[in-house]
Structures are given as structure tokens and as C-alpha cells.
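Here is the structure we will look at, set down as C-alpha cells.
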Amino acid sequence: MTLLGKRLKQLREERKKVNSKYTQGYVANLIGVARVTYTAYENGTKQPPIETVNKLADIFEVTTDYLQGRSDSSQVHLRMDKDEKDIAKRMEKIRQDLSEDDGYMLMGEPISEEAKESIMDAMEYAIRQATRINKKYIPKKYRDKQD
């Protein structure tokens with residue numbers, strides 16, 4: 001297993017502890033490859049192209065240098081566990097709202113489970129992006145002290 005593969009697996013498994021969605025298939029879908037291709041990245045039997053490494057760094061919020069072993073600091077952009085828990089709570093609230101009897105309707109009809117999942121994926125992406133962007137505005141001297 002390559003260092004890149006070890007780090008991908010470690011980061012994915014850390015995320016999976018907080019959000020069970022983070023399977024190999026889920027990450028593969030996020031980066032636009034087949035699950036077997038992503039599995040090969042984690043196993044070190046295949047090297048991802050640089051564009052894919054960039055996507056993976058964004059998903060796991062680390063630098064490409066960390067993924068490729070050029071740096072041992074993974075904490076540069078890593079989202080804190082508290083943020084993950086907050087996102088999970090928000091997503092659960094949205095899921096409940098969509099599942100209620102008077103939840104989201106499309107042309108007077110309740111939406112399908114597939115449509116709900118699409119909405120959930122889009123909302124999760126938007127919440128994660130907003131959280132990441134808002135982190136830029138926290139003064140550096142307070143970033144390490146947050147819980």
C-alpha cells in the first residue's frame with residue numbers, strides 16, 4: 001500500500017466514524033470514478049491523476065502535499081469533529097423535514113426517495129462548502145482553540 005493509499009483510507013475511515021455515508025463507493029461517486037477504481041487508489045495498485053488528487057484533497061479538506069506524503073501536517077484544512085457532528089445534526093433535521101407528511105412536494109405529489117436522496121446530497125455539499133468557506137474568516141490565532 002502506498003502512503004497516498006494509506007492516507008486516503010485513514011481519512012475516509014475517520015469521516016465514516018462521524019458520517020456512515022463515507023464508504024469507498026460514496027467517495028468514488030464524489031470524485032466521479034468507479035468504486036473499484038477508488039479501491040485501487042486506497043490499495044495503492046493505481047495512482048490517481050492530479051485532478052483526482054485535487055478533488056480528494058478538497059473532499060477530505062487536507063492539502064495535496066499531505067495526501068502525497070510531502071507533508072505530515074494533515075491539520076491545515078481538516079474539519080474538526082465538532083463541525084462534522086454539527087453537519088450530521090443539520091442533515092438529520094433536513095431528512096426529517098423531507099420525510100414529514102407535509103414535507104416537500106413536487107407538483108402536488110410527495111417526492112420520491114431517489115429525489116429526497118438527491119436533495120440530501122446537494123444540501124450536504126452546500127453545507128460543507130459553506131462551513132469550509134466560513135473557516136477562512138476565523139482569525140488564525142483562534143483556529144486551534146476551537147472545539
Side-chain angles (χ1 to χ4, degrees), residues 1-107 109-138 143 146-147:
M1 185 182 285
T2 63
L3 185 57
L4 172 69
K6 286 179 186 176
R7 288 188 173 176
L8 287 174
K9 185 174 183 173
Q10 176 190 5
L11 290 166
R12 183 182 56 77
E13 287 178 348
E14 286 173 5
R15 289 282 172 98
K16 193 172 182 180
K17 289 177 187 176
V18 178
N19 184 344
S20 62
K21 259 184 163 177
Y22 275 85
T23 62
Q24 288 181 334
Y26 179 72
V27 176
N29 188 42
L30 291 175
I31 62 173
V33 299
R35 187 193 58 76
V36 293
T37 302
Y38 179 76
T39 301
Y41 297 159
E42 278 193 10
N43 291 337
T45 57
K46 187 172 185 174
Q47 284 295 110
I50 192 65
E51 301 84 26
T52 303
V53 173
N54 289 335
K55 288 179 186 177
L56 289 164
D58 287 344
I59 289 167
F60 294 121
E61 296 182 339
V62 295
T63 63
T64 56
D65 284 345
Y66 174 75
L67 285 180
Q68 296 175 331
R70 294 185 202 140
S71 169
D72 288 331
S73 176
S74 67
Q75 299 179 352
V76 175
H77 297 288
L78 193 58
R79 181 177 288 124
M80 293 177 266
D81 286 339
K82 181 184 179 304
D83 291 337
E84 285 294 328
K85 289 176 186 174
D86 289 345
I87 289 170
K89 285 179 187 176
R90 285 186 190 130
M91 295 309 298
E92 185 58 33
K93 175 69 172 127
I94 292 169
R95 184 175 301 284
Q96 288 173 352
D97 289 346
L98 288 174
S99 297
E100 290 179 0
D101 290 338
D102 59 343
Y104 192 77
M105 305 284 269
L106 182 63
M107 295 169 42
E109 297 292 323
I111 61 172
S112 67
E113 287 301 314
E114 184 178 339
K116 284 180 189 177
E117 286 304 313
S118 293
I119 291 169
M120 293 297 297
D121 289 343
M123 291 298 296
E124 182 175 1
Y125 178 78
I127 290 168
R128 287 185 182 284
Q129 288 297 95
T131 302
R132 182 184 60 81
I133 290 167
N134 285 338
K135 289 286 183 192
K136 291 179 184 177
Y137 300 106
I138 297 172
R143 287 183 190 170
Q146 281 191 326
D147 291 330

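Remember, it's a predicted structure, so these values are computed and weren't measured experimentally.
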Next on the checklist: Checking the side chain of Arg12 only, and the main-chain atoms of Glu42 only, is there a donor and an acceptor separated by less than 3.5 Å?
Outcome noted: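 It does not hold such a pair.
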Can you find a heavy atom in the side chain of [X] that is under 4.5 Å from one in the side chain of [Y]?
X: Gln68; Y: Ile50; value: yes
X: Leu4; Y: Pro48; value: yes
X: Phe60; Y: Leu8; value: yes
X: Arg95; Y: Met123; value: no
X: Lys21; Y: Asp121; value: yes
X: Tyr26; Y: Asn19; value: no
X: Glu124; Y: Ile94; value: no
X: Val62; Y: Leu56; value: no

Item to check | Contact summary for Tyr41 and Gln47, nearest pair of heavy atoms | outcome: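 Heavy-atom minimum between the residues: CE2-C, 4.0 Å.
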Checklist entry - Where do Thr64 and Ala57 come nearest, in terms of heavy atoms and distance? => result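 Shortest heavy-atom separation between Thr64 and Ala57 comes out as CG2-CB, 3.8 Å.
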Checklist entry - Counting only heavy atoms not in Glu92, do more than 12 fall under 6.0 Å of its CD? => result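 More than 12 heavy atoms, drawn from other residues, nucleotides or ligands, come within 6.0 Å of this atom.
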Checklist entry - Taking only residues two or more places apart in sequence or in another chain, which ones pass side-chain hydrogen bond (donor to acceptor under 3.5 Å, both in side chains) with Glu113? => result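 With neighbours one apart ignored, the set is Lys116.
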Item to check | Any residue meeting side-chain hydrogen bond (donor to acceptor under 3.5 Å, both in side chains) with Arg90, in chain and number order, not counting sequence neighbours | outcome: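 Arg90 satisfies side-chain hydrogen bond (donor to acceptor under 3.5 Å, both in side chains) with no other residue.
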Next on the checklist: Taking the cut-offs as 6.0 angstrom to the six-membered ring centre and 45 degrees off its axis, would you call Arg7 and Tyr66 a cation-pi pair?
Outcome noted: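 So Arg7 does make the cation-pi contact.
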Item to check | Spatial distance of atom CG (Asp58) from atom CD (Gln129) [nearest 0.5 Å] | outcome: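 CD of Gln129 is found 7.5 Å from CG of Asp58.
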Next on the checklist: Using 0.5 Å steps for rounding, measure from the CD atom of Glu117 to the CE atom of Met120.
Outcome noted: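 Answer for the CD-CE pair, Glu117 versus Met120, is 6.5 Å.
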Next on the checklist: Run Leu11 and Ile59 through side-chain contact (heavy atoms from CB on, under 4.5 Å) and show every step you take.
Outcome noted: CA-CA 10 Å; Leu11 290 166; Ile59 289 167; over 6 Å; no
Item to check | Verdict with supporting geometry, Arg70 and Thr63, side-chain contact (heavy atoms from CB on, under 4.5 Å) | outcome: CA-CA 10 Å; Arg70 294 185 202 140; Thr63 63; over 6 Å; no
